[in-house]
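Being a predicted model, the structure only gives us computed values, none of them experimental. Naming convention: chains lettered A, B, ... in sequence-line order (proteins, then strands); numbering from 1 in each chain.
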There are 2 protein chains.
Amino acid sequence: MDSNQIPDIVVERLPLYLQTLQRLLKEGQETTSSKDLGNRIGISAAQIRKDLSHFGGFGKQGTGYSIKYLIEKLEDILNVNQVWDIALVGVGFLGHAIANFDGFQNHGFKIAYIFDNDPGKIGTKIGNHEILDSKKMKEIIKKNKIRVVMITVDAEHAQDVANHAVEAGVDAILNYAPVKLMVPESVQVQNIDPILKLQHMTYYLR
Amino acid sequence: MDSNQIPDIVVERLPLYLQTLQRLLKEGQETTSSKDLGNRIGISAAQIRKDLSHFGGFGKQGTGYSIKYLIEKLEDILNVNQVWDIALVGVGFLGHAIANFDGFQNHGFKIAYIFDNDPGKIGTKIGNHEILDSKKMKEIIKKNKIRVVMITVDAEHAQDVANHAVEAGVDAILNYAPVKLMVPESVQVQNIDPILKLQHMTYYLR
DNA sequence: TAGATTGTTAATCGATTAACAATC
DNA sequence: TAGATTGTTAATCGATTAACAATC
């Protein structure tokens, strides 16, 4: 166990470990080793052991790790042994796709509120969610203590939405707009931008 | 100029530099400095200069970088001074959203072919693209020398699609399915998975 | 017991930062 | 000229890997 600050690059790998372990469990496997897990993920066994050792000793010499137990531990560490209500802001094609995505539920998340500022959309439904007026976002986030927001509005409005969300008390933002959001240091931001990923790959295409 | 292998972590940052420079150009700015750019992106000026120095000297002492010139150079380096035709496979909500996204065009990409295996979808249209039968994917990719594929099918079918794409000659895959794809070393893979990003953030939420 | 695999320490490797001469 | 900023070298920092005693 290490009570110092955990490097963020280690934290970043934990969800990947969790995902892989969950797949193995589903496939009926009961134990794994750092070697096995590393092979599947494409990283070294040493790195997996080192990463996990920041949080404790979860394995047994000779036999490796109980998948079920390690999943539990990782869920605890990542705080996904609970369900986080998410507010989704922006109902374009992308927001619509995310609102209809059913993969969040089993992994610690739930789209709980959906906002848009288009009068033509407000009041209509996606699944069983009514689209709410963005004007009410701040109030509703505050009242329901929502801490996680997904932003799927266009680049021009993303910073505005982020500002309102932060004022309402949100402290994690998953941003799909192609802009760097300016937020207080205490607020987590992660970006998803397919263009950056594509351009990263085309570098290698000659 | 450095003729050795460029670290991938450097390559990964270049699209972000390009994106930021394009925004600055749009805002009417004509020159920038490593300090200015660093401030906007949230990294050090030294790192930007070091990164760029792998590819050549693009700036002028005292005045910094011509934004227009640096954009040109980065587009050359990233091979996005051309338009890459992309094949999109899987027309669920997400595939639909991507097919309708108009942000690719100006950044080096174009959705050129869309595939699905659902007879109810084949032959219907998204915008002016007809949805084609996945059975024809391999042939069409080969014939049209498509090198980039986006996979938006579910986790169970993603590896299958990847296999066919690779057999057809594709060498870059943007994968939205929550699985690690097994492909030859020569094939680039990038993953987009919102759950991993969300769990990365919830680690920090106490 | 013999084989396998952990958790941890030390060694290696690589990335970032600081500093500065060169020069616009 | 004086101020600003580059490109590059050396110093620092941090992450990954190798190795191994402990032990299931």
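A:K35 has its NZ atom 12 Å from the C1' atom of C:dG3, to the nearest Å. Taking atom CG on A:D51 and atom P on D:dT16, their separation rounds to 7 Å, with Å as the unit. Atom CD in B:Q5 sits roughly 11 Å away from atom P in C:dG14 (whole-Å rounding). Straight-line distance from the NE2 atom of A:H54 to the P atom of D:dA15: 8 Å, rounded to whole Å. In this structure, B:D8 atom CG and C:dA15 atom P are separated by 10 Å, rounded to whole Å. Note: CZ (A:F55) to C1' (C:dG7) measures 15 Å, nearest angstrom. In this structure, A:D36 atom CG and C:dA4 atom P are separated by 15 Å, rounded to whole Å. Nucleotide C:dC24 holds its C1' atom 18 Å from the CZ atom of B:F58, rounded to whole Å.
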- side chain to side chain contact (heavy atoms under 4.5 Å, CB included) evaluation trace for B:K197 with A:I192: CA-CA 9 Å; B:K197 298 264 187 177; A:I192 290 186; 4.3 Å; yes
- With side-chain hydrogen bond (donor to acceptor under 3.5 Å, both in side chains) as the test, would you mind laying out the steps for A:D36 and A:Y65 before giving the verdict? CA-CA 10 Å; A:D36 175 40; A:Y65 303 89; over 6 Å; no
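For the OP1/OP2 pair of C:dA22 and a distance below 4.0 Å, the side-chain nitrogens and oxygens of B:Q61 include no atom meeting the criterion. Contact annotation: A:R49 side-chain N/O to C:dG7 OP1/OP2 distance is not under 4.0 Å. For the OP1/OP2 pair of C:dG7 and a distance below 4.0 Å, the side-chain nitrogens and oxygens of A:Y65 include at least one atom meeting the criterion. The phosphate of D:dT6 (OP1 or OP2) has a side-chain N or O of B:S34 nearer than 4.0 angstrom.
For B:I9, the listed nucleotide lying nearest its side chain is C:dA15; candidates were D:dA15, D:dA18, C:dA15. Of the candidate nucleotides D:dT8, D:dA18, C:dA15, D:dT8 has the atom lying nearest to any side-chain atom of B:K50. Checking D:dT17, C:dT17, C:dT5 against the side-chain heavy atoms of A:S33 singles out C:dT5 as nearest.
Taking for each of A:T63 and A:V10 the nucleotide of DNA chain D with the nearest heavy atom, the 5'-most of the two is the partner of A:V10.
How far CG of A:L52 is from CG of A:L74: 6.5 Å, rounded to the nearest 0.5 Å.
Between the side chain of A:H200 and the main chain of B:R13, no donor-acceptor pair closer than 3.5 Å is present.
Remark: D:dT8 base-pairs with C:dA19; criterion is Watson-Crick or G-U wobble with both hydrogen-bond distances under 3.5 Å. The partner of C:dG3 is D:dC24, by the rule that a Watson-Crick or G-U pair needs both atom distances under 3.5 Å.
When side chains are defined from C-beta on, B:L94 counts as touching A:L94, because their heavy atoms get closer than 4.5 Å.
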